Amino acid sequence: MPIIARSTADKQQDWRQILAQSLKTAHDIRRYLELPSPSDEDQRNEQIASRQFPVLVPRPFLDLAEPGNPDDPITRQVLPDADETTVHPLFSSDPLAEADANVQPGIIHKYQGRALLLPATGCAVNCRYCFRRHFDYADNRISRAQWQQSLEYVRSDNSLSEIILSGGDPLMLQDDALHQLICDIEAIPHIRRLRIHSRLPVVIPQRLTAQLLQRLSNTRLNTTLVFHINHANEIGCELQQQLSIWKQSGITLLNQSVLLKGINDDAQILQQLSESLFESGVLPYYLHVLDRVQGAAHFDLPDDAARKIFRQLHSKLPGYLVPRLTREEAGKSGKTLIHML
Ligand SMILES: *Cc1c(COP(=O)(O)O)cnc(C)c1O
Ligand code: SF4
């Protein structure tokens with residue numbers, strides 16, 4: 001049986017090559033991390049889960065997981081689980097009713113002053129708890145003409161002052177395509193802020209290219225990069241090194257996390273995360289409770305438990321290191337802060 005080499009990706013390797021070498025089956029993840037095989041029944045359910053939402057994880061991310069430990073907080077985020085096939089009555093396939101706010105393909109405008117553009121359809125990693133696991137990206141695979149329509153929408157609504165590139169993962173675009181997109185956005189006078197929501201640099205730190213840094217540093221737009229990191233173990237050496245360069249650029253660096261049962265549902269783990277983020281120049285922004293998407297119920301925590309963890313966290317940290325505990329609800333004008341309720 002061939003062994004998948006546990007090779008830490010070369011620091012200089014191109015992020016697209018690293019992405020192309022991602023692992024795409026539960027079996028390969030198990031071999032890479034030397035994990036025990038599941039029972040036949042679990043394996044069958046796991047295969048069903050992988051058909052519903054494909055397995056995808058780049059090697060640099062798996063290199064941060066502890067081999068041999070099936071409960072590792074990184075492994076659990078990417079390895080499909082037989083529990084994903086359990087249908088839960090309170091969970092739906094479009095919990096945020098984004099189908100309604102999808103004013104046209106490639107753009108979601110729900111909140112005042114800011115709209116999401118979805119320039120890329122896929123991600124570099126498929127997180128098993130993702131609320132977009134049933135999202136119809138095929139419909140959002142926008143053509144150049146539709147792309148111009150999205151920009152036209154932004155141009156024609158001067159109540160918009162911020163564009164958020166979201167996804168999928170917008171950093172899946174090549175630097176040249178991003179460059180062009182930013183040029184198009186810069187040309188719209190009422191847009192003052194640009195925000196990029198991405199998990200790609202967390203799973204492939206080489207994505208933080210010098211070219212991208214250069215482009216984002218040279219824009220009239222007030223620019224923010226929002227990472228998605230759930231556990232301090234996700235901040236490896238490579239990412240730390242890149243962030244030490246990026247934090248000198250004047251680009252605001254924030255992080256959002258999802259509160260996940262069995263992964264980070266503990267005040268001490270979240271405290272460590274906030275402190276590690278801050279040491280890397282990143283401020284915690286949001287701590288989202290799970291969106292109730294079908295297939296992710298085993299990651300869910302009751303709101304009371306979430307609030308309890310939040311209160312403990314709040315007592316341990318200075319206010320600027322405490323993320324806002326929020327839930328996203330269909331039809332609301334912004335995220336709902338739930339720690340006060
Ligand atoms: C989360 C989100 C935003 C951004 O909200 P902020 O509170 O500004 O971070 C914008 N639009 C949609 C549809 C969102 O889900
Ligand atoms: S990177 Fe974000 S959008 Fe992509 S699968 Fe993970 S949670 Fe979902």
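Numbering of ligands and ligand atoms starts at 1, following listing order. From a predicted model like this one, the values you see are computed outputs, not experimental measurements.
Every atom of ligand 1 is numbered from 1 in the order shown, and the set under 4.0 Å from a heavy atom of R114 is 5 (O), 6 (P), 7 (O), 8 (O). The ligand atoms of ligand 2 that sit less than 4.0 angstrom from a heavy atom of C123 are 1 (S), 3 (S), 4 (Fe), 5 (S). For ligand 1, the atoms lying closer than 4.0 Å to a non-hydrogen atom of K110 are 13 (C). Distances below 4.0 Å separate heavy atoms of R199 from the following atoms of ligand 2: 1 (S).
Between H288 and Y286, the ring-plane angle classifies as tilted under the 30° and 60° cut-offs. Ring planes of H109 and Y153: perpendicular class, angle over 60° (limits at 30 and 60°).
At least one heavy atom of V125 sits less than 4.0 Å from an atom of ligand 2.
At a cut-off of 2.8 Å, C127 does not coordinate atom 4 (Fe) of ligand 2 through any N, O or S atom.
With a 4.0 Å cut-off on non-hydrogen atoms, H109 does not touch ligand 1 at all. When non-hydrogen atoms are compared, ligand 2 lies under 4.0 Å from the side chain of H228 (C-beta onward) but not from its backbone. When heavy-atom distances to ligand 1 are checked against a 4.0 Å cut-off, R195 comes that close only through its side chain, counted from C-beta outward.
Under the 4.0 Å criterion applied to side-chain N and carboxylate O atoms, E46 and R128 are not assigned as salt-bridge partners. With salt bridges taken as basic N to acidic carboxylate O contacts below 4.0 Å, none links R44 and E41.
In the model, Q180 has no side-chain atom that pairs as donor or acceptor with a side-chain atom of D176 under 3.5 Å.
Considering only non-hydrogen atoms, atom 1 (C) of ligand 1 lies nearest to K335 out of E328, K335, R324. Taking only non-hydrogen atoms, the option from V226, D291, I164, I107 nearest to atom 4 (C) of ligand 1 is I164.
Side-chain contact between Q52 and I48 is present, with at least one heavy-atom pair separated by less than 4.5 Å.
Few gaps surround CD on Q21; more than 12 heavy atoms of other groups in view lie less than 6.0 Å from it. Around NZ of K335, the count of heavy atoms belonging to other residues, nucleotides or ligands within 6.0 Å exceeds 12.
Considering backbone and side-chain atoms alike, Y285 places an N or O below 3.5 Å from some N or O of ligand 1.
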